[in-house]
Enquirer: 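Below is a structure I'd like to ask you about.
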Amino acid sequence: MKAIIQEKYGSPDVLTLDDIEVPTPNEKEVLVRVRGASVHAGDWHLMRGTPFVIRLVFGGLFRPKVKVLGTDMAGEVEAIGSQVTQFQPGDAVFADLSTSGFGAFAEYVVVPETAIAPKPSNLNFEAAATVPVSGIAALQALRDQGQLQPGQQVLINGASGGVGSYAVQLAKAMGAEVTAVCSTSKLAMVRSLGADHLIDYRQEDPTQTGQQYDLIVDAAAYRSVTDYQPVLKPTGTYILVGGSSRQLFQTLLLSPWLTRRMHRSIKVLQSEPNRADLMELKRLIEAGQVKPEVDQSYPLSQVPQAIRQLEARQVKGKLAIVV
Ligand SMILES: NC(=O)c1ccc[n+]([C@@H]2O[C@H](COP(=O)([O-])OP(=O)(O)OC[C@H]3O[C@@H](n4cnc5c(N)ncnc54)[C@H](OP(=O)(O)O)[C@@H]3O)[C@@H](O)[C@H]2O)c1
């Protein structure tokens, strides 16, 4: 089968289209014929091996252990292991492969039965493949860590990206009043997602608006969390989803101290893929409350170009890969 292979860490130039063996599922796994994938920030972190801790977590101190990247996947079940009970060949499924070995940038992937869910019926495979990682992160930040309630005010920083584009729509579906922060050229797209208020961070500092929010979801943490104190209600919660490694590790380490110092709840999201949340996203998508914002699609052979575009911050919403 064709797959995008990575033998060393580095820029997108280290990714090559190659032929490898089709994997064989064990008794509890399914073999999926991949029809769609997508790229997200985690893919280029794994590709580059940065921050260094990622090498310790996923193995491969000097050379990547994960040879076929790709976390977001949608496809058709091709074959099932002898103990698989919930899926049949031909079923359309989608999954977040971040805890099951990656491998979506290939024509076939083997996945534990527990990691997959039926694909939203109103999406094609490439659109469905943009949902799992970003959708689950947004859902878990708003619902689980943020405990967002109808009528509350939420600020979403990084609203034009993968996580942000789902977070804006999910927060609206939960009945919140949404203020979205992004750059000038992406304002129209974010408005179309249903944001009530927009802040162009190139024109206005979102921490100096005089407004206060019940919840801040920060998918673009490139400044200190303490900057947000003036715009976070005393009962409010700040959740760091992603951004610079420095802010991430600093906030992770200091969150108990920051919570005491700022008298506000400061948290770092570590999203966990699971079928229940994939089913919840499928429900919201089929009900028309959430839809993937797919900027552009690339064929499998052009995964390196897709990752380059993502790293250059030239994506509105998500990029899809057609396999
Ligand atoms: N904690 C978790 O479990 C978890 C799960 C999924 C993802 N993540 C992380 O969450 C982060 C966002 O992921 P994503 O997939 O949404 O990424 P993405 O699609 O690349 O979007 C990045 C967003 O950040 C904004 N941004 C980038 N640099 C910025 C800067 N210097 N100042 C202000 N805004 C900036 C971009 O806005 P403009 O383009 O408009 O400038 C865009 O909205 C990544 O770091 C990712 O690794 C974490």
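Remember, it's a predicted structure, so these values are computed and weren't measured experimentally. Counting starts at 1 for both ligands and their atoms, following the listed order.
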Enquirer: Should one rank A159, S38, G162 by closest heavy-atom distance to atom 19 (O) of ligand 1, which comes out on top?
Expert: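 It is G162 that holds the nearest heavy atom.
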
Enquirer: Please find the pair of heavy atoms, one from T209 and one from I199, that lie closest to each other, and give the distance.
Expert: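 Heavy-atom minimum between the residues: CG2-CD1, 3.8 Å.
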
Enquirer: Is atom CD of E27 surrounded by more than 12 heavy atoms (other residues, nucleotides or ligands) closer than 6.0 Å?
Expert: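 Correct, the count exceeds 12.
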
Enquirer: Test your reading of the structure: does Q270 have an N or O sitting under 3.5 Å from an N or O of ligand 1?
Expert: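 By distance alone, the answer is no.
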
Enquirer: How far is atom 48 (C) of ligand 1 from its nearest protein heavy atom, and which residue and atom is that?
Expert: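 Minimum-distance protein heavy atom for atom 48 (C) of ligand 1 reads V241 O, 2.9 Å.
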
Enquirer: Please say whether G158 places an N or O atom under 3.5 Å from an N or O atom belonging to ligand 1.
Expert: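 Yes, at least one N or O pair falls under 3.5 Å.
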
Enquirer: Just to confirm my output: which protein heavy-atom neighbour is closest to atom 41 (O) of ligand 1, and how far is it?
Expert: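 Minimum-distance protein heavy atom for atom 41 (O) of ligand 1 reads Y201 OH, 2.4 Å.
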
Enquirer: Tell me if the CD atom of E286 is crowded by more than 12 foreign heavy atoms within 6.0 Å.
Expert: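 Enclosed.
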
Enquirer: Can a side-chain donor-acceptor contact be found between Q229 and H263 if the only test is distance below 3.5 angstrom?
Expert: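 Judged by distance alone, the side chains do not pair up.
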
Enquirer: Identify the closest protein heavy atom to atom 24 (O) of ligand 1: which residue and atom is it, and at what distance?
Expert: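 Nearest protein contact, heavy atoms only, for atom 24 (O) of ligand 1 is A220 CB, 3.4 Å.
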
Enquirer: Does some non-hydrogen atom of V315 fall short of 4.0 Å from ligand 1?
Expert: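 No heavy atom of V315 comes that close to ligand 1.
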
Enquirer: Any salt bridge between D205 and R223, counting N to O under 4.0 Å?
Expert: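 Salt bridge flag = yes for R223 with D205.
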
Enquirer: Kindly check if the number of other-residue, nucleotide or ligand heavy atoms within 6.0 Å of CZ (F62) is above 12?
Expert: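 No, CZ of F62 has 12 or fewer neighbouring heavy atoms, counting only those of other groups under 6.0 Å.
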
Enquirer: Establish, from distance only, whether the side-chain atoms of Y166 and T130 form a donor-acceptor pair under 3.5 Å.
Expert: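 Distance-only check passes for Y166 and T130.
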
Enquirer: Taking atom types as modelled and ignoring hydrogens, do the side chains of R261 and T226 form a donor-acceptor contact shorter than 3.5 angstrom?
Expert: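 Side-chain D/A pair, R261 to T226: absent.
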
Enquirer: Relative to the heavy atoms of S271, which atoms of ligand 1 are at a distance of less than 4.0 Å?
Expert: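 Answer, ordered by atom number: 2 (C), 3 (O), 5 (C).
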
Enquirer: How are the rings of F102 and F58 set relative to one another: parallel (under 30°), tilted (30 to 60°) or perpendicular (over 60°)?
Expert: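 Judged by the thresholds at 30° and 60°, the geometry between F102 and F58 is perpendicular.
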
Enquirer: For atom 27 (C) of ligand 1, what is the nearest protein heavy atom, given as residue, atom name and distance?
Expert: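 Result: R313 NE, 3.3 Å.
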
Enquirer: Pairs of nitrogen or oxygen atoms closer than 3.5 Å, one from H40 and one from ligand 1: do any exist?
Expert: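 H40 vs ligand 1: no N/O contact under 3.5 Å.
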
Enquirer: So, Q211 and Q153: side-chain donor and acceptor under 3.5 Å apart, yes or no?
Expert: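 No, no side-chain donor-acceptor pair sits under 3.5 Å.
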
Enquirer: Are any of the N or O atoms of L240 closer than 3.5 Å to those of ligand 1?
Expert: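 No.
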
Enquirer: Which option wins on minimum heavy-atom distance to atom 21 (O) of ligand 1: G161, A41, C182?
Expert: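 It is G161 that holds the nearest heavy atom.
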
Enquirer: Looking only at protein heavy atoms, which one is nearest to atom 16 (O) of ligand 1, and how far off is it?
Expert: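 Nearest neighbour among protein heavy atoms for atom 16 (O) of ligand 1, to 0.1 Å: V163 N, 2.8 Å.
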
Enquirer: Looking only at protein heavy atoms, which one is nearest to atom 37 (O) of ligand 1, and what is the separation?
Expert: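 I find the closest protein heavy atom is S160 OG, 3.2 Å.
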
Enquirer: So is K318 polar-close to ligand 1, meaning N/O to N/O under 3.5 Å?
Expert: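 There is no such contact.
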
Enquirer: Can any side-chain N or O of K291 pair as donor or acceptor with the backbone N or O of G288 at less than 3.5 Å?
Expert: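 Here the side-chain-to-backbone pair does not exist.
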
Enquirer: By number and element, which atoms of ligand 1 are closer than 4.0 Å to a non-hydrogen atom of A137?
Expert: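 Near A137, the atoms of ligand 1 are 5 (C), 6 (C).
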
Enquirer: Taking 4.0 angstrom as the limit and counting only heavy atoms of K186, give me the atoms of ligand 1 inside it, by number and element.
Expert: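 Going through ligand 1 atom by atom, the ones under 4.0 Å from K186 are 38 (P), 39 (O), 40 (O).
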
Enquirer: Quick test: of every protein heavy atom, which one is nearest to atom 20 (O) of ligand 1, and how far off is it to 0.1 Å?
Expert: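 Scanning the protein heavy atoms, the shortest distance from atom 20 (O) of ligand 1 goes to L310 CD1, 3.9 Å.
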
Enquirer: Tell me, which protein residue and heavy-atom name are nearest atom 12 (C) of ligand 1, and how many Å apart are they?
Expert: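 Result: A219 O, 3.3 Å.
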
Enquirer: Tell me whether the count of non-hydrogen atoms from other residues, nucleotides or ligands lying under 6.0 Å of CD in E21 goes above 12.
Expert: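 No.
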
Enquirer: Is S183 in polar range of ligand 1, meaning some N or O pair under 3.5 Å apart?
Expert: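 Yes, since at least one N or O of S183 sits under 3.5 Å from an N or O of ligand 1.
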
